[in-house]
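Written below as structure tokens is the structure these notes are about.
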Protein chains: 2
Amino acid sequence: MTMDRVLIGLDIGGTNVKIGLCAPDHTLLAYERIPTTAQDGPPAVVRRTVDAVRALLTSVGATMNDVTGCGVGAPGPIDHARGRIVEAPNLDGWVDVPLADLFADALSCRTILENDANVAAYGEFVAGAAARVRNMVMLTLGTGIGGGVIADGRLIRGAFGSGGEIGHLIVEPDGRPCPCGQRGCLERYASANAIAQIAAERLEAGRTSTLATTIATGKSVTSEDVARAAAADDPLALEVWQQAARYLALATVNLHRLLNPEQVVFAGGVIAAGPLLFDAIQSHFDALNWDLTPDKPVIAPAQLGEDAGLIGAAALAHDDSHC
Amino acid sequence: MTMDRVLIGLDIGGTNVKIGLCAPDHTLLAYERIPTTAQDGPPAVVRRTVDAVRALLTSVGATMNDVTGCGVGAPGPIDHARGRIVEAPNLDGWVDVPLADLFADALSCRTILENDANVAAYGEFVAGAAARVRNMVMLTLGTGIGGGVIADGRLIRGAFGSGGEIGHLIVEPDGRPCPCGQRGCLERYASANAIAQIAAERLEAGRTSTLATTIATGKSVTSEDVARAAAADDPLALEVWQQAARYLALATVNLHRLLNPEQVVFAGGVIAAGPLLFDAIQSHFDALNWDLTPDKPVIAPAQLGEDAGLIGAAALAHDDSHC
């Protein structure tokens, strides 16, 4: 088997490096993951990743000659234009790492570097939940809230490369303090961590809840615990859950006022709650949204799961004329 | 005098139609304004406008043969793709008016129709306050708050054509009700009307202020009155003014998180207050903005005044490949 064109998509996280080979139509041809072990330093991580890429190419009967580009997603902030990781706390403090050049040299192949939230959004845009639209926004509800914005088919990076930071939209003036230095950021109310933390705070403040049994066993409350208790109509859990959904809906209204996307896609661990999350966001959105025009975005779960980042990275390497 | 290429820019408002002839480098070659008299209906308004365009062309020694395009700004909502005014309460209830086609037929010239806030933003983008940047946002503080967003050199319209509605970003959950159906919209705190109205409400509630003398003479308080009293350290006026500036700053932080523009430009009557406005917005922005990255937008006044709309409309007719 020979192939004309293969794109490499890499998604570098704190725990694993995900490696994918994609066709230009975004089909995932082969996939592997290896441990990141970021503390070994960037050159070692790049070397092991490139070894795995070569083995993966061999496994599908391809060589580096078939490769037309490489896209790398990594935790930010990223300097996309210069292809550098500015600082990545998740990667054992990698600071000012020229990751695009390291991969380009090791692979002898054009390489672009992009923020991990942006590549995931781009993946869902080209091949997932939003594959037939031109305007979409993605929110990834995990430890924090990552964001990606596609307007008229193009990823919005902003002038300084830190656009799309939906998790740090201020949704409550003078609200909960955020380590970023702002107050009332969306991710202080609706990330997995925030949902768990707000529930724990209210338990500590003496509220009764079925969640108290989790605490009693010496474990921390998780957002999954809150979702489970909310599904069972626990009043405290419902209150925390509905608050999270309402702030997500408020952010969605604001995104719609500004960008008017056809789709707003939610990803990340919290979406495992399914209709408990999506029905709540939709009903708060309908209550908060204006009456002036009937248009509204489809609010939908992400479809590519863990693969979104590497598919998006490969697609950006294909589409991005700036690299 | 003959000219190779002339662009027509029209800015249709409730009171006047502004008519401009522009060179491709955005120089305004000739300008006129005529009363709109919208109640005569779209065909009559188009006929009078076209007569004025022809006279203006003659005055600069040009003819319709020199014209390469016509851009029209009008109050929204606008269906840009179909070139129609959906509904314009300012224009005596014009509903579903195919204004682009009416002008294209009367002028025998390619015509695009765009929302008035968008053409004004585009004018400042190509020839005014933001002429050397690629990413900018404009807020026009008038009766309401109009908005326009340029990302990576392109006007953001959104999938449904009602993007850029910055005046209806929700900045205060459960805040002041807005006729749009939402609560806590930016324009309920920081438009000229809102500034005047909030001051009047607090006077009625019994607050003392130098503004009471205005009321005593039987006049309504205006935003200019509030600015003047705030400049003279009237406590009530200062409180209302600072609240407006703080919500504008909060919206600016959110716009920066999402779009990362080099410039955020403020236009409209309220900017006549000068440093009283801009210093307040800047200091609230600095207090509200995150610490994670040092980038921030230049917060600047618009430079083109009344001409922004027609210069922007002409420029869009030149740049827009979709028309």
Side-chain angles (χ1 to χ4, degrees), chain A residues 76-77 86-87 133-137 147 149 151-152 154-175 178-186 246-247 250-251 253-263 288-297 322, chain B residues 76-77 86-87 133-137 147 149 151-152 154-175 178-186 246-247 250-251 253-263 288-297 322:
Chain A
V86 177
E87 190 175 347
V133 306
R134 298 277 301 160
N135 302 272
M136 69 88 83
V137 177
V149 175
D152 202 14
R154 305 203 304 179
L155 184 63
I156 298 293
R157 296 189 176 94
F160 309 97
S162 57
E165 284 285 359
I166 299 172
H168 295 280
L169 292 178
I170 297 172
V171 293
E172 186 68 58
D174 304 311
C178 184
C180 79
Q182 297 180 175
R183 298 185 74 99
C185 292
L186 178 62
R246 186 159 193 263
Y247 281 117
L250 189 149
V253 168
N254 282 350
L255 291 164
H256 195 56
R257 287 292 80 76
L258 202 58
L259 300 165
N260 231 214
E262 290 108 329
Q263 287 222 350
L288 293 167
N289 187 37
W290 78 7
D291 310 321
L292 292 189
T293 57
D295 57 280
K296 49 185 186 175
H322 305 295
Chain B
V86 177
E87 191 175 346
V133 306
R134 297 278 299 163
N135 301 271
M136 69 88 82
V137 177
V149 175
D152 201 13
R154 305 203 303 180
L155 184 64
I156 298 292
R157 296 190 176 92
F160 308 98
S162 58
E165 283 285 359
I166 299 172
H168 295 280
L169 292 178
I170 298 173
V171 292
E172 186 67 60
D174 303 312
C178 185
C180 80
Q182 299 179 174
R183 297 185 75 98
C185 292
L186 178 62
R246 186 158 193 262
Y247 281 117
L250 190 147
V253 169
N254 282 351
L255 291 165
H256 195 55
R257 287 291 80 76
L258 201 59
L259 299 165
N260 231 214
E262 290 108 328
Q263 289 221 350
L288 293 167
N289 188 36
W290 78 9
D291 309 322
L292 292 189
T293 57
D295 56 278
K296 49 185 185 176
H322 304 295

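All chains are named by letter (A, B, ...) in the order of the sequence lines, taking the proteins before the strands, and each is independently numbered beginning at 1.
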Report the option among B:Glu165, B:Met136, B:Glu87 that has the most heavy-atom pairs separated by less than 4.5 Å from atoms of chain A. B:Glu165
B:Asn135 portion near chain A, given a 4.5 angstrom heavy-atom threshold: side chain
Which residues satisfy the side chain to side chain contact (heavy atoms under 4.5 Å, CB included) test with B:Val86, sequence neighbours excluded? B:Pro77, B:Asp79
Comparing B:Ala159, B:Gly163, B:Gly147 against chain A, the one with the most heavy-atom pairs below 4.5 Å turns out to be B:Ala159
Closest approach of B:Gly181 and A:Asp291, non-hydrogen atoms and distance? CA-OD2, 3.4 Å
Pick whichever of A:Leu288, A:Leu169, A:Ile170, A:Ile166 has the most heavy-atom pairs under 4.5 Å with chain B. A:Ile170
Is a side-chain donor or acceptor of B:Gln182 paired with a backbone partner of A:Trp290 at a separation under 3.5 angstrom? yes
Which pair of non-hydrogen atoms, one from A:Glu172 and one from B:Glu172, has the smallest distance, and what is that distance? OE2-OE2, 4.2 Å
Winner by heavy-atom pair count (cut-off under 4.5 Å) against chain A, out of B:Asn289, B:Thr293, B:Val171, B:Val137: B:Asn289
Between A:Leu258 and chain B, with a heavy-atom cut-off of 4.5 Å, which part of the residue counts as in contact: side chain, backbone, both or neither? both
A:Leu259 versus chain B, the contacting section by heavy-atom distance below 4.5 Å: both
Does any heavy atom of chain B fall under 4.5 Å from the side chain of A:Pro261, the backbone, both, or neither of them? backbone
Identify the two heavy atoms, one from B:Gly158 and one from A:Asn260, that lie closest to each other, and give their separation to 0.1 Å. CA-CB, 3.3 Å
Residues that B:Arg134 engages under salt bridge (Lys or Arg N to Asp or Glu O under 4.0 Å), provided they are two or more places apart: B:Asp152
Which atoms form the tightest heavy-atom contact between A:Arg154 and B:Ala151, and what is the distance? NH2-O, 4.3 Å
Top contributor to chain A contacts, counting heavy-atom pairs under 4.5 Å, from B:Cys180, B:Pro179, B:Gly167: B:Cys180
One option among B:Val253, B:Asp295, B:Val149, B:Leu255 has the most heavy-atom pairs under 4.5 Å with chain A, and it is B:Asp295
